[in-house]
Peer 1: 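Can you read through this structure? Questions will come right after.
Each chain gets a letter, A, B and so on, in the order the sequences are listed, and its residues count up from 1.
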Amino acid sequence: MQPPDTAPATPEELLARSYRIAGLSLGELAELAHVAIPENLQRHKGWSGMLIEKWLGATAGSKPQQDFPELGVELKTIPIDGNFTPLETTYVCYAPLISKPGTTWQTSNVRNKLQQVLWVPLEGDRAIPLAQRRVATAFFWQPDAREDAILQKDWEELTEMIVLGEVEKITARLGQALHIRPKAASGNVLTDAFDADGQKIKTRPRGFYLRTSFTGAVLHRHFT
DNA sequence: TGATGATCATAA
DNA sequence: TTATGATCATCA
């Protein structure tokens with residue numbers, strides 16, 4: 001068995017690929033793909049995600065789009081404990097601090113990415129050596145009306161603050177399901193934003209993340 | 001001990 | 001520099 005070298009043609013094929021690797025360990029998948037296994041994730045935080053991308057046929061590289069544009073599917077790995085409870089929040093996308101006029105929830109990058117997600121849970125307990133952590137059964141998810149409404153409300157509140165120049169007042173405590181946190185290589189990375197007076201300022205780049213309480217509910221709905 | 005704020009690696 | 005893949009590590 002080896003990783004595919006083409007993108008899946010249909011959602012069914014993508015799901016079939018995820019089923020092929022369910023139950024296998026990250027060590028086995030890395031070996032089969034001829035990928036080096038780091039001792040831990042401290043300096044390789046995106047390693048698992050990249051490995052799964054490779055096995056499902058996602059195109060490497062960074063684009064502000066879905067992983068499988070032709071399928072309209074976004075791929076997300078998520079570390080879980082023995083009860084299928086998420087151990088980490090889930091990064092969604094960059095938070096634009098210079099918002100484009102006319103952007104609404106319907107046309108936002110957040111909604112575009114979350115419209116159809118293939119969740120791939122991975123054993124994430126730090127007590128388990130990285131190579132021994134197994135891949136769980138993946139599943140497709142689309143926000144239901146209730147989930148979409150919650151996400152929309154959070155997105156609109158946070159986006160409104162950015163538009164009003166209140167970026168510096170945004171804290172990760174805001175947002176029921178979706179929140180904003182720094183997203184950068186370090187604290188001295190700066191990007192442009194505006195303050196309440198419309199003056200251009202420099203601030204740390206931010207990203208949208210899903211709370212574990214929200215993703216946990218999504219997972220439990222599918223593993224009960 | 002969980003969540004917030006900070007950080008690491010890589011690509012283009 | 002922006003954006004992807006995320007998890008780390010400190011502190012309330």
Side-chain angles (χ1 to χ4, degrees), chain A residues 3 7 26 29-30 33 35-69 73-83 85-100 108-110 112-114 117-131 133 135 138 154 158 162 167-193 200-217:
Chain A
L26 296 180
L29 292 175
V35 168
I37 307 165
E39 191 64 28
N40 55 59
L41 295 178
Q42 285 181 17
R43 306 188 70 86
H44 302 270
K45 297 183 181 180
W47 184 80
S48 309
M50 306 294 276
L51 180 64
I52 300 303
E53 277 189 348
K54 193 181 191 76
W55 274 96
L56 297 185
T59 315
S62 60
K63 292 166 294 194
Q65 295 305 322
Q66 295 143 325
D67 294 301
F68 300 97
V73 171
E74 171 71 11
L75 169 66
K76 288 287 172 210
T77 61
I78 184 168
I80 56 169
D81 67 11
N83 297 317
T85 297
L87 295 170
E88 297 287 350
T89 52
T90 301
Y91 171 67
V92 179
C93 63
Y94 234 54
L97 302 183
I98 307 291
S99 55
K100 301 184 183 77
S108 70
N109 207 305
V110 173
N112 177 250
K113 289 230 177 172
L114 296 182
V117 176
L118 179 69
W119 291 103
V120 183
L122 308 173
E123 283 182 324
D125 191 326
R126 291 190 208 178
I128 307 174
L130 182 58
R133 298 181 195 174
V135 179
D154 289 341
L158 294 166
I162 292 173
V167 184
E168 300 292 13
K169 292 170 68 176
I170 294 177
T171 208
R173 293 169 184 79
L174 297 172
Q176 179 184 339
L178 187 74
H179 66 176
I180 284 181
R181 306 217 303 282
K183 172 65 169 161
S186 74
N188 50 36
V189 174
L190 297 175
T191 191
D192 290 335
K200 186 173 275 191
I201 58 171
K202 288 289 186 179
T203 189
R204 290 165 10 267
R206 316 299 165 91
F208 281 106
Y209 296 79
L210 293 176
R211 292 186 182 280
T212 53
S213 55
F214 183 80
T215 54

Peer 1: Check every strand shown and say whether A:Pro205 touches a base, only sugar-phosphate, or nothing at a heavy-atom separation below 4.0 Å.
Peer 2: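 Nothing, no nucleic acid heavy atom in range.
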Peer 1: Per the atom types in the model, does the base of C:dA3 pair as donor or acceptor with the side chain of A:Tyr91 at under 3.5 Å?
Peer 2: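 No.
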Peer 1: Check whether any side-chain N or O of A:Thr212 sits under 4.0 Å from OP1 or OP2 of B:dA3, and answer yes or no.
Peer 2: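 Yes, A:Thr212 has a side-chain N/O under 4.0 Å of OP1/OP2 on B:dA3.
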Peer 1: So, is A:His179 near the phosphate of B:dT4, with a side-chain N or O under 4.0 Å from OP1 or OP2?
Peer 2: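 So the side-chain polar atoms of A:His179 do come within 4.0 Å of the phosphate oxygens OP1 or OP2 of B:dT4, strictly under.
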Peer 1: Return whichever of A:Leu190 or A:Thr90 has its heavy-atom-nearest nucleotide of DNA chain C closer to the 5' end.
Peer 2: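 Taking each residue's closest nucleotide, the earlier one in sequence belongs to A:Leu190.
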Peer 1: Contact class for A:Glu74 vs. all strands (heavy atom < 4.0 Å): base, sugar-phosphate, or nothing?
Peer 2: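 Here A:Glu74 touches the backbone only, sparing every base.
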Peer 1: Just the rounded figure in Å: distance from P of C:dT7 to CG of A:Leu210.
Peer 2: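 After rounding, the reported distance stands at 13 Å.
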Peer 1: Quick one: does A:Arg126 reach the base of B:dT1 with a side-chain donor-acceptor pair under 3.5 Å?
Peer 2: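 Side chain to base: no pair present.
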Peer 1: Closer than 4.0 Å, any side-chain N/O of A:Arg204 to the OP1 or OP2 of B:dG5?
Peer 2: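 So the side chain of A:Arg204 is outside the cut-off, no N or O lying under 4.0 Å from OP1 or OP2 of B:dG5.
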Peer 1: Side-chain N or O of A:Thr77 less than 4.0 angstrom from OP1 or OP2 on C:dA6?
Peer 2: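 Yes.
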Peer 1: Starting at NZ of A:Lys183 and ending at P of C:dA6, how long is that distance when rounded to a whole Å?
Peer 2: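 So the NZ-P distance, A:Lys183 to C:dA6, works out to 9 Å.
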Peer 1: Side-chain contact test, heavy atoms from C-beta onward, threshold under 4.5 Å: evaluate it for A:Ile37 versus A:Leu26 and give yes or no.
Peer 2: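 With C-beta onward as the side chain, the pair stays apart.
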Peer 1: Carefully, step by step, assess A:Thr85 and A:Asn83 under the rule side-chain hydrogen bond (donor to acceptor under 3.5 Å, both in side chains).
Peer 2: CA-CA 5 Å; A:Thr85 297; A:Asn83 297 317; 5.3 Å; no
Peer 1: Let me know the distance between NZ of A:Lys202 and P of C:dT2, rounded to the nearest Å.
Peer 2: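 Value for this atom pair: 7 Å.
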Peer 1: Figure out the CD1/P separation between A:Ile78 and C:dA6, and round it to whole Å.
Peer 2: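 Atom-to-atom, A:Ile78 to C:dA6, this comes out as 10 Å.
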Peer 1: Cation-pi check, A:Lys183 to A:Tyr94: give yes when NZ or CZ is under 6.0 Å from the six-membered ring centre and within 45° of the ring axis, no otherwise.
Peer 2: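 Negative - A:Lys183 is either too far from the ring of A:Tyr94 or too far off its axis.
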Peer 1: Expressed as a whole number of angstroms, how long is the span from A:Leu130:CG to B:dC8:C1'?
Peer 2: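 These atoms are roughly 15 Å apart.
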Peer 1: Taking the nucleotide of DNA chain B with the nearest heavy atom to each, does A:Gly187 or A:Thr89 sit closer to the 5' end?
Peer 2: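 Nearest-nucleotide comparison on DNA chain B picks A:Thr89.
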Peer 1: By the 4.0 Å heavy-atom rule, please label A:Gly49 as base, sugar-phosphate, or nothing.
Peer 2: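 Result for A:Gly49 = sugar-phosphate.
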Peer 1: Take A:Arg181 and A:Thr89, measure what side-chain hydrogen bond (donor to acceptor under 3.5 Å, both in side chains) needs, and give me the verdict at the end.
Peer 2: CA-CA 11 Å; A:Arg181 306 217 303 282; A:Thr89 52; 3.1 Å; yes
Peer 1: Are A:Gln65 and C:dA3 close enough that a side-chain N or O sits under 4.0 Å from OP1 or OP2?
Peer 2: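 Checking A:Gln65 against C:dA3: no side-chain N or O falls below 4.0 Å of OP1 or OP2.
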Peer 1: Please report the distance, rounded to the nearest Å, between CZ in A:Arg206 and P in B:dT7.
Peer 2: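 So the two atoms are 13 Å apart, to the nearest Å.
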Peer 1: When we call it a touch if two heavy atoms are under 4.0 Å apart, what does A:Arg43 touch: a base, just sugar-phosphate, or nothing?
Peer 2: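 Sugar-phosphate: the residue A:Arg43, judged by heavy atoms under 4.0 Å, touches backbone atoms but no base.
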Peer 1: Determine whether any donor atom in the side chain of A:Lys76 lies under 3.5 Å from an acceptor atom in the base of C:dG5, or the reverse, and answer yes or no.
Peer 2: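 Looking at the base of C:dG5, it does not pair with any donor or acceptor on the side chain of A:Lys76 (distance under 3.5 Å).
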Peer 1: When you get a sec, tell me which of C:dT7, C:dT4, B:dT7 is the closest nucleotide to the side chain of A:Ala184?
Peer 2: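 Among the listed nucleotides, the one closest to the side chain of A:Ala184 is B:dT7.
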Peer 1: Report the residue (A:Glu88 or A:Asn188) whose heavy-atom-nearest nucleotide on DNA chain B is the more 5′ of the two.
Peer 2: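 Its nucleotide being nearer the 5' end, the pick is A:Glu88.
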Peer 1: Taking atom types as they are modelled, would you say the side chain of A:Lys45 forms a donor-acceptor pair with the base of C:dT4 within the 3.5 Å cutoff?
Peer 2: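 Check fails, no donor-acceptor contact within cut-off.
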Peer 1: Measure from CD1 on A:Ile128 to P on C:dT7 and round the result to the nearest Å.
Peer 2: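 Distance, rounded to whole Å: 14 Å.
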Peer 1: I want to check one thing: is the phosphate of B:dG5, taken as OP1 and OP2, less than 4.0 Å away from some side-chain N or O of A:Thr171?
Peer 2: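 Answer is yes, contact under 4.0 Å.
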Peer 1: Test A:Thr203 against A:Glu168 for side-chain hydrogen bond (donor to acceptor under 3.5 Å, both in side chains), laying out the working first.
Peer 2: CA-CA 8 Å; A:Thr203 189; A:Glu168 300 292 13; 3.0 Å; yes
Peer 1: At 4.0 Å (heavy atoms only), tell me whether A:Pro182 reaches a base, stays on the sugar-phosphate, or touches nothing.
Peer 2: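 Base contact - A:Pro182 has a heavy atom under 4.0 Å of at least one base atom.
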Peer 1: So which nucleotide from B:dT4, C:dT7, C:dT2 ends up closest to the side chain of A:Ala172?
Peer 2: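 For the A:Ala172 side chain, the nearest candidate turns out to be B:dT4.
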Peer 1: Quickly work out the A:Trp47 CH2 to B:dT7 P distance and round it to whole Å.
Peer 2: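 A:Trp47 atom CH2 is separated from B:dT7 atom P by 25 Å.
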Peer 1: Counting side-chain heavy atoms from CB outward, which of C:dT2, B:dT7, C:dG5 is closest to A:Tyr94?
Peer 2: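 Nearest to the side-chain atoms of A:Tyr94, counting from C-beta on, is C:dT2.
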